[in-house]
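In what follows, every chain begins at residue 1, and chains take the letters A, B, ... in the order their sequences are listed.
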2 protein chains.
Amino acid sequence: MSRNENRPLTLRDVSEASGVSEMTVSRVLRNRTDVSQATREKVLKAAKQLGYVPNKIAGALASQRVNLVAVIIPSLSNMVFPDVMTGISGVLENTGLQPVVGVTDYLPEKEEKVLYEMLSWRPSGVIIAGLEHSDASRAMLRAAGIPVVEIMDVDGTPIDTMVGISHRRAGREIGNAIVKAGYKRIGFMGTKMPLDHRARKRFEGFTQALAKGGIEVADQEFYSGGSALAKGREMTEAMLKRTPDLDFLYYSNDMIGAGGLLYLLEQGRDIPAQIGLAGFNGVELLQGLPTQLATMDACRTEIGRRAAEIIVARIQTPDDDIPTRIELTPTLSYGDTLRRG
Amino acid sequence: MSRNENRPLTLRDVSEASGVSEMTVSRVLRNRTDVSQATREKVLKAAKQLGYVPNKIAGALASQRVNLVAVIIPSLSNMVFPDVMTGISGVLENTGLQPVVGVTDYLPEKEEKVLYEMLSWRPSGVIIAGLEHSDASRAMLRAAGIPVVEIMDVDGTPIDTMVGISHRRAGREIGNAIVKAGYKRIGFMGTKMPLDHRARKRFEGFTQALAKGGIEVADQEFYSGGSALAKGREMTEAMLKRTPDLDFLYYSNDMIGAGGLLYLLEQGRDIPAQIGLAGFNGVELLQGLPTQLATMDACRTEIGRRAAEIIVARIQTPDDDIPTRIELTPTLSYGDTLRRG
DNA sequence: GTGAAAGCGCTAACAT
DNA sequence: ATGTTAGCGCTTTCAC
């Protein structure tokens, strides 16, 4: 019971308690091999007994090395980003690197703030969602002098490296499948997010594919906030009241799609013969529904994994050949709600 | 184009570019008021032009202050913790404090590792889920000398401060409501998580309440992994095959409850007359279902908010009277799946 | 295998 | 309102 003041312990305390120089204590605690077994044991015992926790701030300043990877994403409550995080964490697990998450709420100004905040901790790398950033953000990322991986999207030019899928192509593919299946009167429902560029690109690809088949979106509605499942239900009901002859509903995400699906099942609609549906994202949730919604997997976990692998490689073996653009291919599942063409 | 080496910028660079001393530059960048307007502008201009991002590592070491709050939770993919995070972020937003998230996957060893990792960055406070921790974790938390708030649960003794609900009581309340409604043959489905202490406590309270009414759980099943909605469906089907005379199903979370509910609706069962259901958590998702599942709100956002408020108060006004135990009261919603007694 | 000295980039404390 | 000095707790480097 020697430590009465409420001061965090330092290397010096461990040094004094063990009778070994600070320098050697530091070596032991960093698992360096050039220390005798006897000394090592003495030190570890003292450190453990004192309850010493190293000060990474001092260590990082001295070594100019920080084992953090900044991960900057729009939202956590989305189902998609937790999956991406799973991929990232899995890869970083035993590399000595640690992910640190920042959330932007789809706001460029907040992204800028979060990025500034994170970069000021001098992380070893950055994984950031999307290719659209403010000029200031791009400048910061470039100036940081660390590996930067932009994820989710490949429709654009990366600052450094990118891993993702083409949302424009994904939208086109769904559009093509719908045209091929012979649906004619298409309704679209999605988030009212001018800042969700990936949703926008999917929609662009979608309308483009329909246009090629000589079809236009017959009705559309955008929402924001609230329970996505409930919104899907409400919007679907409203849209079909407004435009009863629709024979296909395309939803910008699976959650609202599931809401719509449940509603239509309740109504006893004949799916997919009389009316078809499709969502986007391949969320695990869908597997519990009575009928499988047609959807497209966004390769979320793999995107996380590949991005983290690039960061690790760039840090640990910077001279290797490391890819700078990875485009993954999402697969369309027809489920039970989309006729095959 | 003067900076060719790939060295991050320092205060000194800004000082030289602006012709103002390092110290004054530091004052400007920390928004201190004791700087003349003219100097301030000179400095800001230089900093912006160079693209200077301060080094928080050095700043933290010098000032012995770190504006981070460690938030340690079992999982992100749970629906519950994103809500807690929302509460925390909302409060910290304009306090200058920043949450940093660590995930334990419900594993005590991982909790210990994550905690050690985070504490080594010397955060200003810790918010950690649950009251059950390894001895080493408890020792670290106590030795850290910073405010520690344990959240979610109040059935136990906190290290420092706690904010949550009584899961034992929550389980009892649902149990009582079931007994009172006259259900007799009860089935239970939940996660196979010996380490999810809160689920365990709910189950304990639940069986205790039933016992008082002279009832025992007639069948039970535990699962792990997979889509919760799908699991709920499968388990429900299996259990009713095995024990067809059940008249109530209690699920340890809303997601599996929703799966069960969808299955029973499909089967055309008479809910809640012939068979009743209840879940736990009040997830937003439920609002999109055709029938409202009985559930109990776990006050997630408020728990996050209150915990963050305590941290902020302890840091900013340590002399104020700050509560150390906050028990929130979850409310039972009967929805459409639980008869009123 | 171990230790001593210097310094990482900033800020506290004290000048002026 | 601005500058000077010392030092935060480590690691790097070099000496032994």
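The side chain of B/Ser21 places an N or O atom within less than 4.0 Å of a non-bridging phosphate oxygen (OP1 or OP2) of D/dG3. Here A/Arg40 does not reach the OP1 or OP2 of C/dT2: none of its side-chain N or O atoms lies under 4.0 Å away. Using a 4.0 Å cut-off, no side-chain N or O of A/Thr10 falls inside it from OP1 or OP2 of D/dG9. Applying the 4.0 Å criterion to OP1 and OP2 of D/dT2, one finds that B/Ser36 has a side-chain N or O inside that range. At least one side-chain nitrogen or oxygen of B/Ser26 sits closer than 4.0 Å to the OP1 or OP2 atom of C/dT11. The side chain of A/Tyr52 contributes no N or O atom lying less than 4.0 Å from OP1 or OP2 of D/dG9.
Counting heavy atoms from C-beta outward, B/Tyr106 and B/Asp196 have side chains that approach closer than 4.5 Å. In this structure the side chain of B/Val154 never reaches within 4.5 angstrom of the side chain of B/Arg325, judged on heavy atoms. You'll find the side chain of B/Thr324 stays beyond 4.5 Å of the side chain of B/Pro158, heavy atoms only.
Taking atom CG on B/Leu11 and atom P on C/dA12, their separation rounds to 12 Å, with Å as the unit. The CG atom of A/Leu50 sits 15 Å away from the P atom of D/dG9 (whole-angstrom rounding). Here the C1' atom of nucleotide D/dG9 and the CZ atom of B/Arg122 are 9 Å apart, to the nearest Å. For the pair A/Leu9 CG and D/dC8 C1', the interatomic distance rounds to 16 Å; values are reported in whole Å. For the pair B/Glu16 CD and C/dG9 C1', the interatomic distance rounds to 14 Å; values are reported in whole Å. If you take CD of B/Glu41 and P of D/dA1, they are 15 Å apart, rounded to a whole angstrom. Atom-to-atom, NZ of B/Lys56 to P of C/dG9 comes out at 18 Å; the value is rounded to the nearest Å. With rounding to whole Å, B/Arg12 atom CZ is found 15 Å from C/dT11 atom C1'.
A salt bridge does not link A/Lys113 with A/Glu109: every distance from a Lys NZ or Arg NE/NH1/NH2 to an Asp or Glu carboxylate oxygen is 4.0 Å or more. A salt bridge links A/Arg306 to A/Glu302: one of the charged nitrogens lies within less than 4.0 Å of a carboxylate oxygen.
Which of C/dG1, D/dC10, D/dT2 sits closest to the side chain of B/Thr39 comes down to D/dT2. Nearest nucleotide to the side chain of A/Leu61, out of D/dT12, C/dG9, C/dC10: C/dG9. Nearest to the side chain of A/Met23, among D/dC10, C/dT2, C/dG3, sits C/dG3. The side chain of B/Arg65 lies closest to C/dA12 when the candidates are D/dT12, C/dA12, C/dC10.
Between B/Asp34 and B/Gln64, the residue anchored closer to the 5' end of DNA chain D is B/Asp34, taking for each the nucleotide with the nearest heavy atom. Projected onto DNA chain C by closest heavy-atom contact, B/Ile57 and B/Arg30 fall at different nucleotides, the more 5' of which corresponds to B/Ile57.
Put simply, the side chain of B/Arg27 and the base of D/dG3 share a donor and an acceptor less than 3.5 Å apart.
Comparing the end axes of the helix from C/dG1-D/dC16 to C/dT16-D/dA1, each fitted to five base pairs by superposing C1' atoms of four pairs onto the next four, gives an inter-axis angle of 30° (nearest 10 degrees).
A donor atom on one side chain and an acceptor atom on the other are found under 3.5 Å apart for B/Thr161 and B/Arg314.
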*Please walk me through it: do A/Leu11 and A/Leu29 pass side-chain contact (heavy atoms from CB on, under 4.5 Å)?*
CA-CA 10 Å; A/Leu11 263 191; A/Leu29 294 171; 3.8 Å; yes
Report, one line per pair, each donor and acceptor closer than 3.5 Å where one atom sits in a side chain of residues 64-74 of chain A; sequence neighbours left out.
{"from": "A/Asn67", "atom 1": "ND2", "to": "A/Gly96", "atom 2": "O", "distance (Å)": "3.1"}
{"from": "A/Asn67", "atom 1": "ND2", "to": "B/Glu117", "atom 2": "OE2", "distance (Å)": "3.4"}

